[in-house]
Amino acid sequence: MALARRLVAALSLFGVPTRPRVALLLSARDDVDGRHYAVGYHLNGRQAFAIEVPQRCHAVAEHPNQPVALFVARRPGTHCYLLDLQRGRLLQTLQARPHRHFYGHAVAHRGGEWFYTTENDTREPGRGLLGIYRFDGQQLRYHSEVPTHGIGPHELAWMPDGETLVVANGGIRTEAESRADMNLDAMQASLVLMRRNGTLVSKETLSQPMNSIRHLAVGGDGTVVACQQYMGSAQDTAELLAIKRPGNAFKAFPVAPEQLRGMAHYTASVALHDRLRLVALTAPRANRLFIWGLDSGLLRLQAYVPDCAGVAAVAEGFVASSGQGRCRHYDCRGPDIKVAPLALPSAFWDNHLYSRVG
Amino acid sequence: MLRPKLLFTSLAALALGACAPQDRQAATSAALAKGVILPGYARWADADRQLAASALAFCEGREDLTQARADLLAAQQAWAALQPLLVGPLAEGNRAWSVQFWPDKKNLVGRQVEQLLASGTPIDLDSLAKASVVIQGLSAYEYILYDSQPEVANSARKARYCPLLMAVGQRQQALAAEILASWNEHGGMLMQLSEFPNERYADAHEAIADLLRAQVTALDTLKKKLGAPMGRFSNGIPQPYQAEAWRSDASLASLRASLSAANRLWRGADGQGIKALLGKNHHDLAGRVDAAYTAALGQLQGEQGLAQLLASTEGQARLNVLYDSLNIVHRLHEGELARALGIQLGFNANDGD
C-alpha cells in the first residue's frame, strides 16, 4: 500500500494523471433473477467486481493489510468466499466442516494471519462457536474452534485492543439447514467480550429475554453499540438499540418509543462514525435510516429508505444501501444532514455494507 | 414533533440524467397522488369530521342511534378505502392502529373500554391520546355503538359511554386532519410523489414501487381479513368474531371499499394509473388484472353480510369463491405485475438476519 502511494505520488509529479482514490464499497448482492454475488463498487458508481457465488452472502471480513476479503454466507450457509479485491477474483471457497454452518459474519485479526467466524454446532443446535482459520498463501485453513459462551452467535467485532472480540450471541437456537427458531420461550441472548483464544471476559444481557442481540459496531474509544431483533408480541416496545460505553454496563440507547414502534421489531445493521461521533441504524421494515449523536443521544435523522439494508461510515458521514431502491449518501458534517442518491445499481443489496479507501 | 432536517442534494441525481420511463413514472405517480390518493385522504378527513359531530349530536340527544351508526359506517368505509393508499406518515410508526385495531383475537377492544370506564378516569381528548391505541379508534367507537350492553341509547348507558365516544370522534378527526395537512404541506407527500428526486424518493421508480407495495400489502391483508373469519387459519372452523368490523357486520362493505380503492390505483383517474405503465408487450397481463378486479368486485355485489354467509354451507361456498377471486388479484400484483414493472417487493425486510 505504502509503495503504491509513493508510486502514485511519483506519477503525479511527472504530470501523469492518476485516478482519485474513491472509497470502495463491499457487499453481498443479488440480481433480479435471484443469483447471488459478492460485489465491490466505488462510491462514484464504478463497478470494481461482481463475482457470482453459489450461496447468498451476508457480511464481509476485510484483511487488514492485503486487498483480500472474506464474504460469508448467511445462516445456515456452508460457504465463505475469499476474494482478491484488486483482480476481482475468487481465491478460495471455504467449506464449513461437518456438523457446522456459518452464521453470516467473520473478522480478520489485525496481524493478518487469522480469521474468525461465528458458527453453529448442529449436533448441539445453537451452541455458538468461534471458528478459527489461518490465512497463509492466499488460502484459509481451519485451525480450531472455541465456544462463544452463548447460543446462536451472529455478528462479532474487535475491541480497540485488536485482541478482544465482542460477540452478539443472538440467543436463538436453529438447526442445520434451517432458519426456523426453536426456543422463543427460552431465548438467551448475550453480549460477550472474549479473548481470541476463547477466554470469557464478560457476559451481559438486556432486560427482555426475547430481544435477540444481532449486530454490532465498535468505536475507537471502545464504545460498543448493538442492534436487536425482537421476537415477542407485535404490541411490545423493545430496546432495539443498545450501548456499552467504556467501563459501563450494556444498556438500552435512548430511542423514542415512537421510533421504536415504527421499526416493527427489526433492525438490520448499525455503524459508528468515530470522528463525527454518530451512530447510524437501518430498519428495513420501517423503511428507515436513523442517525443519532453518539454522546448526546439526540436524533439527527430519520430518513425514508425503502427496505434500508446496509450502512457504512465514509469520510463525510454514511452510505446506506437498500433491498428495494437506490443507495444513498448522507453528508453529516453540517448542522443539517444532506442526502444524495448514488449512481450504484438499485435494490438487492444485503444487510451489510463495508467501505474501504481506494 | 421536532423533525430533524434533511437537505436534498441533487448533484448526483443530475449526473444520472432523466430518461423516458422515469418521466412516465413521475407523471403517473403525480397523477395518482392528485387524482386518487389525496382525494382518498380528504374523504377520510371529511368522514371523521362528520363522525366527531355525530358523536356530539348523539350524546346531546339530537341524533338517534341509527344515524350515529350510519356515520360510523361512513368513517369505516373511508378508512377501508385508504388501505391500498397507505404510504407516508399514516403508514409509519403504527399510527394505523390508533384508527382501527385489527386483528383483535382476545377482545382487547371490549375489555380495555370497560377497564377504562371502570377506572373512573376522566376521559377527554388529551387523556385518550395518552391511552392505549386499542381504544382510540373506530373499533372502540363500534364497540360502544353496537356491543355495550344494554342498548347504548338508554340514557344511563349514554352517560357512561358518551365521554369516550365523543373523545374518540375528536381524536379521529384530529388525526385525520393532521395527516391530511402533512400531505398538503410544502415538501409533504403530495409533493414527494410529484417532483423527483426529493428527500424521500431518489427517483420516480421508488415512488411507484412504494405505491405498489402498499397495494400488495393491502390486498394480502384483505385475504387475511376474509380468511380469518372463514376459518382458513383455524382448521376450517368459522370464526365470525375474528372479522374486521364484525360488531356492525360491515366486514364485506369494508372489503369492497378497500378493493375498489386498489382498483382505482390500478386504473388511475383519467386512465393515469399503474396500468398505464405497462407497455404494449404486457397487454395480456393488463387484461387479466382488469378481469380479476371485475370478478372480485362482482363477487362483492349483494346484500348479505358476512355473518349471514358464514352461517350456511352455501354462504361459505360463496365466500370461498370470493376468497379465490381476491387471491387472483393479489397474486397478479405480487408476481407478474411487480416483475413487469421491475419492482422488488421484499428482500431484506422479512429475512430475519
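Every chain is numbered from 1, with letters handed out A, B, ... down the list of sequences. Predicted model, so just to flag it, every value in this text is computed and none were measured.
Chain B forms the most heavy-atom pairs under 4.5 Å with one residue out of A/Met263, A/Arg288, A/His215, and that residue is A/Arg288.
No side-chain heavy atom of B/His205 sits less than 4.5 Å from a side-chain heavy atom of A/Ser346. At a threshold of 4.5 Å between non-hydrogen side-chain atoms, the residues A/Glu258 and B/Glu92 do not count as touching.
Contacts between A/Ala256 and chain B at a heavy-atom distance below 4.5 Å are absent for every atom of the residue. When heavy atoms are compared at a cutoff of 4.5 Å, B/Ile343 does not approach chain A at all. For chain B, no part of A/His352 is nearby; none of its heavy atoms comes within less than 4.5 Å. Proximity to chain A is absent for every atom of B/Arg339, based on heavy atoms less than 4.5 angstrom apart. Looking at A/Gln235, both its backbone and its side chain come within 4.5 Å of chain B, counting heavy atoms on both sides.
Other residues, nucleotides and ligands contribute at most 12 non-hydrogen atoms within 6.0 Å of the NZ atom of B/Lys34. Residue B/Phe233 qualifies as enclosed at atom CZ: its count of foreign heavy atoms under 6.0 Å is above 12.
Distance CG/A/Asn287 to CD/B/Glu206: 10.0 Å, rounded to 0.5 Å. Note that CH2 of A/Trp349 and CD of B/Gln344 are 14.5 Å apart. Values are rounded to the nearest 0.5 Å.
In terms of heavy atoms, B/Ala202 sits closest to A/Arg328 at N-NH2, 3.3 Å.
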